[in-house]
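Side chains are part of it too, since the values below use all heavy atoms of this structure and drop only hydrogens, waters and symmetry mates. It should be emphasised that the depicted structure is a prediction, and the values quoted were computed from it without experimental measurement.
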Amino acid sequence: MSPRRTETGGRIDRLRTIRFTFDGAPYTGHAGDTLASALLANGVTLFGRSFKYHRPRGLLAAGVEEPNALVTVLRGEVREPNIPATMVEIYDGLVAVSQNRSPSLALDIGALNQLGGKLLSAGFYYKTFMGPVIGPLKGTRFWMFCEHFIRRAAGLGKAGVAPDTARYERMNAFCDVLVVGSGPAGLMAAKAAADQGARVILADLEAKFGGSANWSGETIDGAPAADWAARVVGQLEGNDNVRLLPRTTVWGYYDGNTLAALERVTDHKEVPAKGEPRQRYWAIRAKTVVLATGSFERPLVFPGNDRPGVMLAHAAERYAIEYGVLPGERIALFTNNDSAYRSAVALKKAGAAVVAIIDVRGDVSNEMRRLASEAEAELFAGHAVIATEGGKALTGLKVQRFDTTSGALSGDERSIHADCLAMSGGWSPTIHLASQAGAKATWDTARQAFLPPQPTQRWPNQKWIGAGAFTGSFSTAEAIAEGRAAGLQAAGGTPSSAPLPVVEAVPGEPDPAPIFEIKAKGKSFVDFQHDVTAEDVRLAHREGFVSVEHLKRYTTLGMATDQGKNSNVPGLAIMADALGKPIPEVGTTRFRPPYTAVSIGSLAAERFGDLKPERLTPMHDWHIANGATMYAAGLWYRPMIYGLAGETVEQAYVREAKATRESAGIVDVSTLGKIAVQGPDAAEFLDRVYTNMFSTLAVGKARYGLMLREDGLAFDDGTTWRLGEQEFLMTTTTANAGKVMQHLEYFLDVIWPELKVTVTSVTDEWAGAAIGGPKARAILASCVKGTAVDNATLPFMGIVHGQIAGVPVMICRLSFSGEMAFEVYSGAGYGTRVWEALIEAGKPFGLVTYGLEALGTMRIEKGHVTGAEIDGRTTARDLHLDWMLSKKKPFIGSAMMDREGLIAPDRLELVGVIALDNRALNGGGHIVEELDQENPHDSIGHITACCYSPALGKYIALALVRGGKARHGTRAFVSDPLRNRFGPVEIVSNHFYDPDGSRMHG
């Protein structure tokens, strides 16, 4: 096929040649080309293979609705499949490959599927493989055998496995008016709103603003429509209150006029500029939205309508005018409406030979006959295309006389030689966003299309206004008028009587004949992407799948990447005909976001590479530099151990814990939740939140507190420090910091709004280090300035303020390890400086750094509880914390904590467990009274946390056991069949080490 680039015309930059490859073959195009237009200019007609039958397919459309020409774009090892070639802007070095073919696009073994005939009709996988008896493959066994091969054949493009190294961004934007679509209606709406002083965002999925103005060939105010559009865009660019977002698809409409959009920032560049993301996800919150999203041209359903070279009429027109590419040398048009005549004239002016216009309508107007004559095309009024000819490219078509009333064909067939057939089955407004906003589509008999209703009928909170083809107003003059009116209304302005731009356009009526299908011999495709034929739709009717939702799922009509943009209305029309009902009674499916495919990378944005953010303590770099093995504790990264060469994890934590108990150790506790509770009613609020009293706490003292949920179960524990009469610092467990903050805010906002209290998360404001052990006080005394740290000045749960290395610090004497210990807090920015000063001061005393494993070991030895025991099922009594339940005041959960089930004598209670076989225990292992390895049963509890105890020289654990306290001193067994761990244990008190607290109080 010879190249089809016109000598002149198009809005491409012919002075810039761009080189790219498709399926390994080199090609050239020009700046402004899409991959589709550039390949078409090079004479390529075969772009892909269909999903089920692997039929050869060419271009159908020129925009986002393209169902056939899906490609995979390669950037190194990273591959992105299922991108319409019509939406890929070419750049130097672009590498694209076709999909769904083997071994090549020209020679595809999968094309043998076409021999399957009715065996591969709609729902074949439900029926063909269910029940046949073939040797041993009986019933569903045959399906299970076939399922493997069906799954391998499913899908279109192949997803990549290489990590995506591109950067993505998220943006939040607020505006008075969001205009979606930048055709004549959208441009006028944006300009009218901007002129009223409104903050305007104009978004369009194309690279160039202007929409149909770029290819309609019309004139506006005496200038080519494209030039008029460029002038309006230039005016908008000069306004400070306007943000222009090209290459931006608004893909979702959510509550409160929040819309989601995806901006393709550098997909069209070989190398992004410094700091540029690949894509940007926008969350746009608008007071009012103007939907100027235009419309899609529909295909006609007739035998052979999927052959390469058969495309939509407006697509052929757009390739010729916007890209300077003729879709064929001999072009025929097939239509049921007037718009194809404009396309014929445009194609003729671009240099193509328009050989015929086939119109199903017998009463073609004189104006259209004049246009056919201007295009030098033979007019076949009252005829229809009944077949196409050719293999991987169109070579001709057959037409026959057609009756629009009965749908009958008559007379002799006539062959027409053509290498392109441009068809037009009418236009469907692009109402996806309105449907997502809650608006139910209404059928317009004249337009033969679903139109959006007035948005204020049932959904007053979704404030949108329609304009242009979106509302079924298909002429440019109507679009401009509606666009200006919508922009003024959206910005709160009054209707204007100023003259509108004057449009000169090819005449034509927008209403098509109600003809969707030509019934003739051969496969007639409704959904090109999923190979759904007209006969598949009728088969669904015969088998009872008549609901539009059932039709969609049974036939897969509209379920592929184009989501029915081309196929919905023809499919519904064929089903309506089979049912003998009008189309509005059959209805339509609802459109769900996203409107087009959205990359997961853009949704993750700055968090790309992980579903969760990484939180690092101020001392993180020091830990890494000093050999720490880091561990993810919730969102935080914390040191697990500071291992020496050759040490196992167990050897390292045993060494660290032992050294801490013998001399001193230091651990990073910056991750503890920290919440500032301030205000005149702060003490009263804490009395209500905690089970114990805090209003009696003296300034400069801390107290251990327990929180319950409203249902009486334990929620969180921690210490709260009173820093002033109306100021407290609450600490929480690392894992529960966010939940506790939500808990406090809920009760202040909803339950007790009269309390004068503010709560502020200050977790990231403080760096914390806990230093504990027999020599901890001496180490502090050697480096703390401005305060003493002796027992009189700093008693248990006391607070002092001083300086370390010139940095102000706050020190509280409290212990999680069971040793005399102190928590030292400083501003986060000085955390490493204070940490290093403490370590330097501790060197003469044998101070060691320890991680989470040693911290957990010492807390298990001491019997302290954490989230492993406060698991949402335990009560204060279960954890032996009932001494903290105040009898002097009510508190959250107090009304429910004495329910019968929560005080039952056989509840699980916290105990200690010692392995009698000197083997390690595992969290989650069950405790049983009788060991039965073959049939484990009758669990009386489970292990919550375990370790090797250097203090006891044994493997120990905390566990929740039924009637636990009464079992102290008894023996049982651990039963852990998943890890094949069985053995005897002794049940003891959870206080393994220093039960009287003499070391802690010292």
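- In this structure, Leu300 CG and Thr335 OG1 are separated by 7.0 Å, a value rounded to the nearest 0.5 Å.
- Sorted by first and then second residue, the pairs that involve residues 293-305 and meet side-chain hydrogen bond (donor to acceptor under 3.5 Å, both in side chains), not counting sequence neighbours, are Glu297-His314, Glu297-Ser424, Arg298-Ser428.
- For the pair Val569/Trp443, a side-chain contact is recorded, criterion being any heavy-atom separation below 4.5 Å from C-beta on.
- Put simply, the side chain of Leu421 reaches to within 4.5 Å of the side chain of Phe302, judged on heavy atoms.
- Taking every heavy atom of both residues into account, Gly571 and Val537 meet most closely at O-CG1, 3.8 Å.
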*asked:* Checking Ser567 against Val532 for the side chain to side chain contact (heavy atoms under 4.5 Å, CB included) test, could you report, in this order, the C-alpha distance in whole Å, the side-chain angles of both residues, the deciding distance, and whether it holds?
replied: CA-CA 9 Å; Ser567 59; Val532 180; over 6 Å; no
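- Applying the side-chain hydrogen bond (donor to acceptor under 3.5 Å, both in side chains) test to every pair with at least one member in residues 379-398, sequence neighbours left out, gives these pairs: Arg307-Thr388.
- A donor-acceptor pair under 3.5 Å links the side-chain atoms of Asp419 to the main chain of Glu329, judged by distance alone.
- Here Glu317 contributes atom CD and Trp215 contributes atom CH2; the two are 5.5 Å apart, rounded to the nearest 0.5 Å.
- Cation-pi geometry between Lys565 and Phe591 is not met: the NZ or CZ atom fails to fall both under 6.0 Å from the ring centre and inside 45° of the normal.
- Contacts of Asn568 classified as side-chain hydrogen bond (donor to acceptor under 3.5 Å, both in side chains), with partners at least two apart in sequence or in another chain: none.
- For Arg414, the side-chain hydrogen bond (donor to acceptor under 3.5 Å, both in side chains) test picks out Glu378, with sequence neighbours left out.
- Each salt bridge (charged side-chain N to carboxylate O under 4.0 Å, His left out) pair with one or both residues in residues 424-437, not counting sequence neighbours, would appear here, but there are none.
- Here Phe470 pairs with Trp464 under the ring pair (Phe, Tyr, Trp, His ring centres under 6.0 Å) rule; sequence neighbours left out.
- In this structure, Gln436 contributes its side chain and Tyr253 its backbone to a donor-acceptor pair below 3.5 Å.
- Considering only heavy atoms from C-beta on, Asp531 stays 4.5 Å or farther from His54 through its side chain.
- Phe47 and Phe22 have tilted rings, their planes meeting at an angle from 30° to 60° on a 0 to 90° scale.
- For the atom pair CG (Asn68) and CG (Leu59), the distance works out to 8.0 Å, reported to the nearest 0.5 Å.
- Using a distance-only test at 3.5 Å, with no hydrogens or angles considered, a donor-acceptor pair links the side chain of Ser50 to the main chain of Arg55.
- Proximity of Val73 to Leu35: side-chain heavy atoms (C-beta onward) are nowhere separated by under 4.5 Å.
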Go through the steps to decide whether Tyr341 and Asp359 satisfy the test side chain to side chain contact (heavy atoms under 4.5 Å, CB included), and finish with yes or no. CA-CA 10 Å; Tyr341 291 81; Asp359 194 328; 2.7 Å; yes
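- In this structure, Ile583 and Phe450 have side chains that are in contact, with non-hydrogen atoms separated by less than 4.5 Å.
- Of the inter-residue distances, the one linking Ile331 atom CD1 with Ile357 atom CD1 reads 11.0 Å to the nearest 0.5 angstrom.
- In this structure, the side chains of Leu347 and Pro327 come closer than 4.5 Å at one or more pairs of heavy atoms.
- Put simply, the side chain of Asn336 never gets that close to the backbone of Val360: no donor and acceptor are under 3.5 Å apart.
- Residue pairs that meet the salt bridge (charged side-chain N to carboxylate O under 4.0 Å, His left out) test with at least one member in residues 568-589, sequence neighbours left out, are Lys519-Asp577.
- Checked by atom type and distance alone, the side chain of Arg330 never pairs as donor or acceptor with a backbone atom of Val355 at under 3.5 Å.
- Listed for the Ser98 side chain is no donor-acceptor partner under 3.5 Å among the backbone atoms of Gly48.
- Scored by the salt bridge (charged side-chain N to carboxylate O under 4.0 Å, His left out) test, Glu66 finds no partners at all (sequence neighbours excluded).
- Side-chain atoms of Val598 and Leu603, non-hydrogen and from C-beta on, do get closer than 4.5 Å to each other.
- Tyr254 and Trp251 have perpendicular rings, their planes meeting at more than 60° on a 0 to 90° scale where under 30° would count as parallel.
- Heavy atoms only, all atoms of each residue included: Val364 and Ala381 are closest at CG2-CB, 3.8 Å.
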Please tabulate, one pair per line, all N/O donor-acceptor pairs under 3.5 Å involving side-chain atoms of residues 79-87, not counting sequence neighbours.
| unit_1 | atom_1 | unit_2 | atom_2 | d |
| --- | --- | --- | --- | --- |
| Arg79 | NE | Lys158 | O | 3.0 |
| Glu80 | OE1 | Arg278 | NH2 | 2.1 |
| Glu80 | OE2 | Arg278 | NH2 | 3.1 |
| Asn82 | OD1 | Gln99 | NE2 | 2.9 |
| Asn82 | OD1 | Gly157 | N | 2.8 |
| Thr86 | OG1 | Gly63 | O | 2.6 |

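- Counting only distance, with no hydrogens or angles, the side chain of Arg49 and the backbone of Asn100 share no donor-acceptor pair below 3.5 Å.
- No donor-acceptor distance shorter than 3.5 angstrom exists from the side chain of Asp306 to the backbone of Phe528, with no hydrogens or angles considered.
- Applying the salt bridge (charged side-chain N to carboxylate O under 4.0 Å, His left out) test to Asp204 and every residue at least two apart in sequence or in another chain returns nothing.
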For Leu409 and Ile518, run side chain to side chain contact (heavy atoms under 4.5 Å, CB included): C-alpha distance rounded to whole Å, both residues' side-chain angles, the deciding distance at 0.1 Å, then the answer. CA-CA 9 Å; Leu409 296 164; Ile518 308 301; 4.2 Å; yes
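- The heavy-atom pair separating Asp511 from Asn337 by the smallest distance is O-CB, 4.5 Å.
- Here the CD-OG1 distance, from Glu206 to Thr249, works out to 8.5 Å after rounding to the nearest 0.5 Å.
- Using a 4.0 Å cut-off between charged side-chain N and carboxylate O, Glu509 and Arg361 make no salt bridge.
- With sequence neighbours excluded, no residue forms a side-chain hydrogen bond (donor to acceptor under 3.5 Å, both in side chains) with Asp403.
- Within the 4.5 Å cutoff, side-chain heavy atoms of Phe334 are placed close to those of Ile358.
- The side-chain tip of Arg57 points at the ring of Phe525 from less than 6.0 angstrom away and within 45° of straight on.
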Using the side chain to side chain contact (heavy atoms under 4.5 Å, CB included) rule, take Thr34 and Val88 through it: C-alpha gap first, then chi angles, then the decisive distance, then the call. CA-CA 5 Å; Thr34 64; Val88 178; 5.9 Å; no
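- The side-chain hydrogen bond (donor to acceptor under 3.5 Å, both in side chains) test applied to Thr596 returns no partner, not counting sequence neighbours.
- Ile515 contributes atom CD1, which lies 10.0 Å from atom CD of Glu517 (distance to the nearest 0.5 angstrom).
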